[in-house]
Amino acid sequence: MENKQIAIPHFGEPDVLAIQYTQIPQPQKGEVLVKVAFASVNPIDVKTRAGLGWAAAQNKDNLPWVPGYDISGSVIECGEATEKFDLGDKVAGFIGFPLQGGGYSQYVTVPESSLSRVPEAVTLEAAAALPLAGQTAIQALDKVSVQEGQRVLILAGAGGVGHIAVQLAVAAKAEVFTTCGESNLDYMATLGAHAINYRFAPVSERVEEADALIDLVGGDAALDALKCLKDNAKVVTVPTLSAELICEKAKLLGFEATGMLVDPNREQLDAMLYLVSVGMLKAEIYQIYPMDQVVEAHKQMETGHTRGKILLDMQC
Ligand SMILES: NC(=O)c1ccc[n+]([C@@H]2O[C@H](COP(=O)([O-])OP(=O)(O)OC[C@H]3O[C@@H](n4cnc5c(N)ncnc54)[C@H](OP(=O)(O)O)[C@@H]3O)[C@@H](O)[C@H]2O)c1
């Protein structure tokens with residue numbers, strides 16, 4: 001048996017992505033071997049494949065490189081000194097972040113401490129959608145310390161990070177405003193947010209006196225959104241490319257502003273899996289592509305208009 005993986009042999013367009021076969025890895029001390037059911041696709045995978053950003057810079061001499069940070073699947077072998085899982089247990093995790101990646105594989109070895117158990121009531125599809133995007137959402141909400149009754153503006157509420165951030169902010173009893181295109185207005189309303197069509201008018205014409213901004217778009221959209229905030233509001237800007245500019249401008253206007261880099265945190269994934277299991281959180285899956293169609297999956301991600309998450313089915 002071999003390990004079928006999707007690799008970046010050299011940086012470029014989506015069609016550089018190639019299937020490769022390697023040996024199935026052996027779990028080391030403290031690790032388990034996971035047969036991956038689903039891997040999710042994140043914007044960072046697409047940027048790295050194109051040769052952009054720090055993950056590409058760090059791995060440029062390390063190609064072919066296997067991307068992927070989100071996995072769900074089953075434990076099929078337990079290494080020495082492991083105790084948390086039995087064979088067949090369903091697990092999910094945010095793995096190999098930021099430099100190692102490796103999630104676009106049929107088999108991966110993972111320290112058992114970085115894996116969460118997937119509850120019976122949660123599908124492996126939902127479990128694969130949550131790790132990177134969901135933890136980004138939680139950590140962004142933490143940075144602006146969203147409180148009950150506050151007015152929170154979330155740019156791009158329909159995306160991978162945004163749809164989780166909207167649901168968690170609504171659950172925290174904040175009044176949530178979010179931007180999206182026309183086709184997502186109803187979807188955002190069903191999640192409990194006031195949805196604003198960003199193509200119709202700048203958000204600054206529609207929202208005022210917000211206590212916090214969670215920016216998932218960056219650039220001009222974020223600069224405009226600063227006009228929606230009240231004095232002493234808090235800002236977190238998540239896209240790394242424009243973070244410095246947005247923070248600088250926000251601070252000049254008297255706001256507390258920060259960028260962020262998501263930090264893998266298993267407890268946060270445990271908490272989201274629990275919320276999904278009791279019906280308080282829903283992972284939206286836009287489409288599942290067989291792993292052989294990863295090029296199409298990357299092309300879809302590059303449109304910038306995916307609702308929720310894209311998954312790769314790693315066993316077909
Ligand atoms: N710093 C970190 O640690 C970190 C972690 C995760 C993600 N990120 C970054 O954060 C950003 C969001 O990530 P993601 O995974 O949520 O991306 P995503 O899933 O690709 O976001 C897609 C969504 O963006 C919406 N959108 C596009 N342009 C918009 C605009 N001008 N205004 C409002 N919404 C717009 C689309 O909605 P419509 O179709 O309705 O337009 C779509 O639903 C990316 O830049 C990503 O690289 C950074």
Side-chain angles (χ1 to χ4, degrees), residues 40-50 52-56 67 69-70 94 97-98 128-143 153-168 176-191 193-204 206-207 213-225 228 235-244 246-247 257-265 268 283-287 297-311:
S40 99
V41 178
N42 286 290
I44 187 175
D45 305 346
V46 168
K47 286 178 199 161
T48 306
R49 186 218 72 231
L52 305 172
W54 45 266
Y69 300 112
D70 289 335
F94 181 6
F97 190 78
L130 291 170
L132 190 154
Q135 289 177 46
T136 304
I138 292 178
Q139 291 168 29
L141 288 164
D142 280 353
K143 289 219 183 268
L153 173 57
I154 300 175
L155 303 186
V161 179
H163 83 292
I164 305 288
V166 166
Q167 293 178 74
L168 295 177
V176 179
F177 299 84
T178 191
T179 54
C180 60
E182 187 164 358
S183 61
N184 283 315
L185 289 170
D186 286 350
Y187 171 53
M188 288 293 93
T190 62
L191 296 187
H194 301 286
I196 295 150
N197 183 349
Y198 64 86
R199 293 186 198 274
F200 193 68
V203 69
S204 57
R206 302 285 301 280
V207 178
L213 169 65
I214 296 178
D215 163 35
L216 300 169
V217 176
D220 290 343
L223 291 174
D224 173 62
C228 304
V235 175
V236 60
T237 178
V238 179
T240 46
L241 228 66
S242 57
E244 211 178 303
I246 312 293
C247 286
T258 178
M260 65 168 274
L261 180 63
V262 61
D263 188 15
N265 178 314
Q268 290 176 347
E284 179 74 17
I285 313 288
Y286 179 78
Q287 197 162 338
H298 271 224
K299 284 182 179 165
Q300 171 57 39
M301 182 103 260
E302 280 181 345
T303 66
H305 296 291
T306 299
R307 177 190 289 182
K309 297 290 300 175
I310 294 174
L311 303 185

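As the structure is a computational prediction, the values presented were derived from the model and not from experiment. Order of appearance sets the numbers: ligands from 1, and atoms from 1 within every ligand.
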Side chain, backbone, both or neither: which part of [X] comes within less than 4.0 Å of ligand 1 when only heavy atoms are counted?
{"X": "Ile44", "answer": "neither"}
{"X": "Leu261", "answer": "both"}
{"X": "Ala221", "answer": "neither"}
{"X": "Met301", "answer": "side chain"}

Can you tell me which residue and heavy atom of the protein come closest to [atom], and the distance to 0.1 Å?
{"atom": "atom 39 (O) of ligand 1", "answer": "His305 ND1, 3.0 Å"}
{"atom": "atom 35 (C) of ligand 1", "answer": "Tyr198 CE2, 3.7 Å"}
{"atom": "atom 48 (C) of ligand 1", "answer": "Val238 CG1, 3.3 Å"}
{"atom": "atom 5 (C) of ligand 1", "answer": "Thr136 OG1, 3.3 Å"}
{"atom": "atom 42 (C) of ligand 1", "answer": "Thr306 O, 3.2 Å"}
{"atom": "atom 12 (C) of ligand 1", "answer": "Leu216 O, 3.5 Å"}

What atoms of ligand 1 come closer than 4.0 angstrom to any heavy atom of [X]?
{"X": "Lys47", "result": "45 (O), 46 (C), 47 (O)"}
{"X": "Pro239", "result": "45 (O)"}
{"X": "Met260", "result": "1 (N), 2 (C), 3 (O)"}
{"X": "Asn184", "result": "37 (O), 38 (P), 39 (O), 40 (O)"}
{"X": "Gly304", "result": "22 (C), 23 (C), 24 (O), 25 (C), 26 (N), 27 (C), 36 (C), 42 (C)"}
{"X": "Pro43", "result": "13 (O), 14 (P), 15 (O), 17 (O), 20 (O), 46 (C), 47 (O)"}
{"X": "Cys180", "result": "40 (O)"}
{"X": "Val262", "result": "2 (C), 3 (O)"}

Is the shortest distance from a heavy atom of [X] to ligand 1 less than 4.0 Å?
{"X": "Leu241", "value": "no"}
{"X": "Thr240", "value": "yes"}
{"X": "Thr179", "value": "yes"}
{"X": "Asn42", "value": "no"}
{"X": "Gln139", "value": "no"}

Check this for me: Leu261, atom CG, are more than 12 non-hydrogen atoms of other residues, nucleotides or ligands nearer than 6.0 Å?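 Atom CG in Leu261 is crowded, with more than 12 foreign heavy atoms closer than 6.0 Å.
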[X] (side chain) donor-acceptor with [Y] (main chain) under 3.5 angstrom:
{"X": "Thr178", "Y": "Ile154", "result": "yes"}
{"X": "Ser242", "Y": "Gly219", "result": "yes"}
{"X": "Asp45", "Y": "Asn42", "result": "yes"}

If I take atom OG1 from residue Thr237 and atom CG from residue Leu155, how far apart are they, to the nearest 0.5 angstrom?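 Rounded to the nearest 0.5 Å, the OG1-CG separation comes to 8.5 Å.
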Taking the side chain as every heavy atom from C-beta outward, state whether [X] and [Y] have any atom pair closer than 4.5 Å.
{"X": "Tyr286", "Y": "Gln300", "value": "yes"}
{"X": "Val41", "Y": "Lys309", "value": "no"}
{"X": "Val217", "Y": "Pro239", "value": "no"}
{"X": "Asp224", "Y": "Pro202", "value": "yes"}
{"X": "Leu213", "Y": "Cys228", "value": "no"}
{"X": "Asn265", "Y": "Gln139", "value": "yes"}
{"X": "Val166", "Y": "His163", "value": "no"}
{"X": "Arg49", "Y": "Glu302", "value": "yes"}

Below 3.5 angstrom, do we get any N/O pair linking [X] and ligand 1?
{"X": "Gly181", "result": "yes"}
{"X": "Gly160", "result": "yes"}
{"X": "Ser183", "result": "no"}

Does Arg206 count as lying over the ring of Phe177, i.e. NZ or CZ under 6.0 Å from the six-ring centre, within 45 degrees of the axis?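 No, cation not above the ring by the 6.0 Å, 45° rule.
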Passing candidate, side-chain contact (heavy atoms from CB on, under 4.5 Å) with Val236, options Leu216, Ile214, Asp215: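 The passing option is Ile214.
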Winner among Thr303, Val161, Ile154 once heavy atoms are compared against atom 13 (O) of ligand 1: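 Of the listed residues, Val161 has the closest heavy atom.
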Using heavy-atom distances, let me know which of Gly159, Gly162, Ala195, Ala158 sits nearest atom 21 (O) of ligand 1.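 Answer by nearest heavy atom: Gly159.
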Parallel, tilted or perpendicular: ring planes of Phe97 versus Tyr69, cut at 30 and 60 degrees: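 Rings of Phe97 and Tyr69: perpendicular, as their planes differ by over 60°.
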